[in-house]
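Report on the following structure.
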Amino acid sequence: MLSREAAAQVSRVLTEALPYIQRFTGKTIVIKYGGNAMESEELKNSFARDIVLMKTVGINPVVVHGGGPQIGDLLKRLNIQSEFIEGMRVTDAKTMDVVEMVLGGSVNKDIVNLINQAGGSAIGLTGKDAGLIKARRLKVSRRTPGMDKPEIIDIGQVGEVESVNIKLINALVSDDYIPVIAPIGVGSDGASYNINADLVAGKVAEALKAEKLMLLTNIAGLMDKEGKVLTGLTTSQVDALIEDGTIYGGMLPKIRCALDAVQGGVGSAIIVDGRVPNAVLLEVFTNAGVGTLITNQQPE
Ligand SMILES: Nc1ncnc2c1ncn2[C@@H]1O[C@H](COP(=O)(O)OP(=O)(O)O)[C@@H](O)[C@H]1O
Ligand SMILES: CC(=O)N[C@@H](CCC(=O)OP(=O)(O)O)C(=O)O
């Protein structure tokens, strides 16, 4: 039982949080949990508690997770070389096996378990379950200095999202389950596709017409060359930052999916520093304004 002091504290906190809780009650928030933001047990536990708290106050969280560093660790142990092009892992058949084992197996079940230990009812899925994420092969185009046309590169079993089975997600959410989705897609022929988790989160948020898309990563937000966090950017400003090399690597799919999501009807997308404890709650329940916010509104 709570002490009088603790009850008074709960009352104070809930009164402050009430407008935010009311604003998001019954709404869907898609949270992409990046592999880099899973760096300690403490952080993972704080993430799991935040998700359960959201659900308890009537918000519907849908989690999409990554696991790039965890895939990298196992590939290294198995002596399999790995390379990234435009922020995407080149994925041959051997690599795909490892990706599927790590994402659909250890990482997915770890998050599911932590949420359930924190009192939630999480259910783990990959895109193969009930055809949750139908995918096709992604062709990456790369601009090489000195060449007029970008070259199209085949990077193996890397996919892009063709469709999302929202019937399955909605059925789970309305029964109070918290879906935890691993970014593995399935082709029309049953082939597995490795999909960047940011891209899956963006498409899931779009398909669900989510109120918010949160991308938890290991950096304070999108930064300029001096390390200042940028926010409220337009599409053309982002394009210019990609062109001049300010945005590269893993930030490329992240920013592209955030822009696509808001253009596709998601209320807002935010890139958040997942190394901060309670990053999810801070973003939903405060005006702390952490990270980079992307909306469809043009700044004045
Ligand atoms: N302009 C930029 N601002 C911030 N980070 C950037 C930028 N351009 C590239 N990055 C890189 O993108 C990384 C985030 O992407 P990634 O490592 O794929 O994260 P996650 O695993 O969370 O998806 C950052 O750690 C940083 O190294
Ligand atoms: C095609 C591609 O790059 N897939 C990613 C999938 C995992 C992921 O996106 O994890 P993070 O969010 O932790 O980076 C990979 O193989 O690493």
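Just so you know, ligand 1 is whichever comes first in the structure, and atom 1 is the first atom listed for that ligand. Positions are given from 1, in the same order as the sequence printed here.
Residue-ligand proximity, Met88 to ligand 2, at heavy-atom distances under 4.0 Å covers atoms 3 (O). The ligand atoms of ligand 2 that sit less than 4.0 angstrom from a heavy atom of Val158 are 1 (C). Numbered from 1 in the order shown, with element, the atoms of ligand 2 that lie under 4.0 Å from a heavy atom of Gly66 read 8 (C), 10 (O), 11 (P), 12 (O), 13 (O). The ligand atoms of ligand 2 that sit less than 4.0 angstrom from a heavy atom of Ile71 are 15 (C), 16 (O), 17 (O). For ligand 2, the atoms lying closer than 4.0 Å to a non-hydrogen atom of Ala197 are 8 (C), 9 (O), 12 (O). Using a 4.0 Å cut-off to heavy atoms of Ile195, the atoms of ligand 2 that qualify are 4 (N), 6 (C).
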Report task. Could you check Glu39 against Arg275 for salt bridge (Lys or Arg N to Asp or Glu O under 4.0 Å), going step by step and ending with a plain yes or no? Result -> CA-CA 8 Å; Glu39 62 188 17; Arg275 298 165 305 177; 5.5 Å; no
Requested in this report: Report the C-alpha separation of Lys212 and Glu283 in whole Å, then their side-chain angles, then the decisive distance to 0.1 Å, and conclude whether the salt bridge (Lys or Arg N to Asp or Glu O under 4.0 Å) test is met.
Outcome: CA-CA 10 Å; Lys212 212 184 235 293; Glu283 170 46 37; 2.6 Å; yes
Report task. Using the salt bridge (Lys or Arg N to Asp or Glu O under 4.0 Å) rule, take Lys139 and Asp154 through it: C-alpha gap first, then chi angles, then the decisive distance, then the call. Result -> CA-CA 6 Å; Lys139 293 250 170 0; Asp154 180 5; 5.5 Å; no
Query raised in the report: When you look at Asp198 and Arg256, which way does the salt bridge (Lys or Arg N to Asp or Glu O under 4.0 Å) test go after all the steps?
Result: CA-CA 9 Å; Asp198 297 326; Arg256 283 193 183 123; over 6 Å; no
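Listed by chain and residue number, the protein contacts of ligand 1 are Lys32, Gly34, Asn36, Asp198, Leu216, Thr217, Asn218, Ile219, Gly221, Leu222, Met223, Thr246, Ile247, Tyr248, Gly250, Met251, Lys254 (heavy atom within 4.0 angstrom).
Residue-level proximity to ligand 2 for Asn194 is carried by backbone and side chain together, each with a heavy atom below 4.0 angstrom. Within the 4.0 Å heavy-atom criterion, neither part of Thr91 lies near ligand 2. At a 4.0 Å heavy-atom cut-off, ligand 2 touches Lys32 through the side chain alone.
By the 3.5 Å distance cut-off applied to N or O atoms, Pro183 is not counted among the residues near ligand 2.
Look at Gly67 and you'll find a heavy atom under 4.0 Å from some atom of ligand 2.
For the pair Lys55 and Asn60, the minimum side-chain heavy-atom distance is below 4.5 Å.
Summarising the geometry of Leu233 relative to Leu230, their closest heavy-atom pair is CD1-CB, 4.1 Å, with the distance given to 0.1 Å. Counting all heavy atoms, side chain and backbone alike, Gly66 lies closest to Leu103 at O-CD2, 3.5 Å. Contact detail for Pro61 and Pro179: the closest heavy-atom pair is O-CD, 3.8 Å. What you find for Asp129 and Leu168 is that their closest heavy atoms are O-CD2, 3.7 Å.
Among Val99, Leu138, Ile195, the one residue that satisfies the side chain to side chain contact (heavy atoms under 4.5 Å, CB included) test with Val158 is Leu138.
Here the protein heavy atom with the shortest distance to atom 13 (O) of ligand 2 is Gly35 N, 2.7 Å. The nearest protein atom to atom 3 (O) of ligand 2, hydrogens excluded, is given as Arg89 N, 2.9 Å; this is a heavy-atom distance.
Annotation: salt bridge (charged side-chain N to carboxylate O under 4.0 Å, His left out) contacts involving residues 88-101, sequence neighbours excluded, comprise Glu100-Lys128.
Of the N and O atoms on the side chains of Gln237 and Thr234, at least one donor lies less than 3.5 Å from an acceptor on the other residue.
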